[in-house]
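Please read the structure below before turning to the comments.
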Number of protein chains: 2
Amino acid sequence: MTAETTQPLILEDFLPYRLNKAAEAVSQRFASIYRDRYGLTRPEWRTLATLGQFGILTATAIGAHSSMHKTKVSRAVFTLEKRRWLSRKRDDIDRRIENLELTSAGRKAYTELANVAHIFEAELLSHLGKRGENELKAGLAALEKYYNQA
Amino acid sequence: MTAETTQPLILEDFLPYRLNKAAEAVSQRFASIYRDRYGLTRPEWRTLATLGQFGILTATAIGAHSSMHKTKVSRAVFTLEKRRWLSRKRDDIDRRIENLELTSAGRKAYTELANVAHIFEAELLSHLGKRGENELKAGLAALEKYYNQA
DNA sequence: AATAGATCGTCACAATTGCAACTAAATTCA
DNA sequence: TGAATTTAGTTGCAATTGTGACGATCTATT
């Protein structure tokens with residue numbers, strides 16, 4: 001039985017609120033980089049990054065990994081294809097499936113952006129100090145451990 | 001000069017990605033509560049929570065505090081007003097301004113939801129352990145300290 | 001006091017997103 | 001085998017969100 005204390009909610013202390021604001025702030029800064037330099041949207045960047053990391057994937061797999069709705073992925077794939085940054089190939093065994101892969105132009109962009117991402121992260125971490133970095137990573141790990149199973 | 005190593009980006013280790021996924025997962029769980037029980041959208045919940053915490057505010061102030069676009073706030077205020085959870089009053093001194101305040105029905109809903117929020121947070125924290133909790137909070141604090149000024 | 005510029009909140013319109021239906025193909029199972 | 005169900009990906013439509021322009025009001029400058 002929980003105490004019925006009617007405490008007000010202090011948003012600045014409320015974890016979902018803090019997490020959201022932090023994620024939002026960090027994401028927006030990073031997004032402005034790939035938006036300004038490459039004209040990429042968030043779904044497009046995520047698709048590029050996922051393919052860059054894993055090589056050949058289906059649209060469904062991309063969506064599952066980056067928790068994007070399948071229509072979002074479908075549209076991002078379409079745009080990247082128009083840009084000739086990725087190519088599709090129908091699977092020979094299961095012909096519902098499309099195997100997606102970055103083209104060499106796509107890999108080039110990915111490599112550049114991966115580098116930018118590493119630099120961005122390093123810059124961010126440098127402001128947290130080694131202590132803050134360890135705490136943040138450990139805290140996130142604890143959270144991930146929980147909601148990845150429960 | 002940064003080393004030109006062309007390392008691939010491991011999304012699972014990339015901080016913006018991890019922060020986003022964590023925030024997303026937590027938010028969605030909490031959102032499903034206020035959505036299912038009260039039919040509130042995210043902007044509406046945020047508006048309610050901000051007003052509940054601070055008392056009387058203008059729409060602009062709500063937007064600034066919860067980092068919502070002013071049209072989003074405008075629409076959330078409209079909906080909450082229709083629901084009779086908040087009331088507007090033109091400011092006598094500056095007549096561009098509307099002073100927004102929760103009605104008693106609004107305060108009642110807020111009180112209930114604040115309680116639910118506390119319970120939700122406690123439940124979440126209980127899964128992190130005292131160690132994980134401290135780390136997460138310290139890590140977030142470090143992050144907030146950085147991007148609140150820079 | 002009058003003009004210029006800023007601010008508050010809203011609205012029309014455009015872009016983005018999500019949902020549901022759809023086609024095509026594979027799988028299940030009677 | 002073949003009918004029913006499931007899965008992959010796309011598309012049309014509806015809901016949500018963001019952009020820019022607007023009227024009203026306030027502030028600053030002269």
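Every chain is numbered from 1, with letters handed out A, B, ... down the list of sequences.
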| message | Judged by each residue's nearest nucleotide on DNA chain C, which is more toward the 5′ side, A:Asp94 or B:Ile97? | response | B:Ile97
| query | Do A:Arg18 and B:Leu143 have side chains that get closer than 4.5 Å, going by heavy atoms? | reply | no
| query | To the nearest Å, how far apart are A:Glu44 CD and C:dA15 C1'? | reply | 13 Å
| said: Nearest whole Å is fine: how far is D:dT10 P from A:Glu81 CD? | reply: 9 Å
| Do the two ring centres, one from A:Phe120 and one from B:Phe14, sit under 6.0 Å apart? | no
| N or O in side chain of B:Thr71 less than 4.0 angstrom from D:dG18 OP1/OP2 | no
| Rounded distance (Å) that lies between atom P of D:dT25 and atom CG of B:Asp91 | 13 Å
| request: Please step through side-chain contact (heavy atoms from CB on, under 4.5 Å) for the pair A:Lys89 and A:Glu98, ending with a clear verdict. | output: CA-CA 5 Å; A:Lys89 203 159 65 190; A:Glu98 292 181 337; over 6 Å; no
| remark: Note: for B:Arg90 and A:Lys72 on DNA chain C, the residue whose nearest nucleotide lies more 5' is B:Arg90
| message | Under 4.0 Å, counting only non-hydrogen atoms across every strand here, what does A:Thr60 touch: a base, just sugar-phosphate, or nothing? | response | sugar-phosphate
| Looking at residues at least two apart in the chain, or sitting in another chain, which of them share a ring pair (Phe, Tyr, Trp, His ring centres under 6.0 Å) with A:Phe54? | A:His65
| salt bridge (Lys or Arg N to Asp or Glu O under 4.0 Å) partners for A:Glu101, two or more places apart | none
Atom pairs, N/O to N/O, protein against nucleotides 3-5 of chain D, distance under 3.5 Å?
none

| field | Distance in angstrom units between A:Phe78 CZ and C:dT17 P, rounded | value | 16 Å
| field | For atom CE of A:Met68 and atom P of D:dA8, their distance in whole Å | value | 16 Å
| Hey, is the side chain of A:Ser74 poking within less than 4.0 Å of OP1 or OP2 on D:dT10, counting only N and O atoms? | yes
| task | Give the rounded distance in Å between these two atoms: CD1 of B:Ile62 and P of C:dT10. | result | 11 Å
Review item, nucleotides 22-24 of chain C N/O atoms under 3.5 Å of protein N/O:
none

| Going by heavy atoms in the side chains, are B:Lys21 and A:Tyr147 under 4.5 Å from each other? | yes
| For D:dT10, does either OP1 or OP2 sit under 4.0 Å from a side-chain N or O belonging to A:Arg88? | yes
| Roughly how many Å is it from CZ in A:Arg95 to P in D:dT6, rounded to a whole number? | 23 Å
| message | Are the side chains of B:Lys137 and A:Leu15 in contact, using a 4.5 Å heavy-atom criterion? | response | yes
| task | Answer with yes or no after comparing the ring centroid distance for A:Trp85 and A:Tyr110 against a 6.0 Å cut-off, counting only values under it. | result | no
| query | NA contact type, A:Thr58, heavy-atom cut-off 4.0 Å: base, sugar-phosphate, or nothing? | reply | sugar-phosphate
| remark: Separation of C:dA12 atom P from B:Arg75 atom CZ, nearest Å, is 10 Å
| query | Which part of the nucleic acid does B:Ile93 contact within heavy-atom distance under 4.0 Å: base, sugar-phosphate only, or nothing? | reply | sugar-phosphate
| remark: For B:His127, the ring pair (Phe, Tyr, Trp, His ring centres under 6.0 Å) test, sequence neighbours excluded, returns A:Tyr146
| remark: By ring pair (Phe, Tyr, Trp, His ring centres under 6.0 Å), A:Tyr38 pairs with (sequence neighbours left out) none
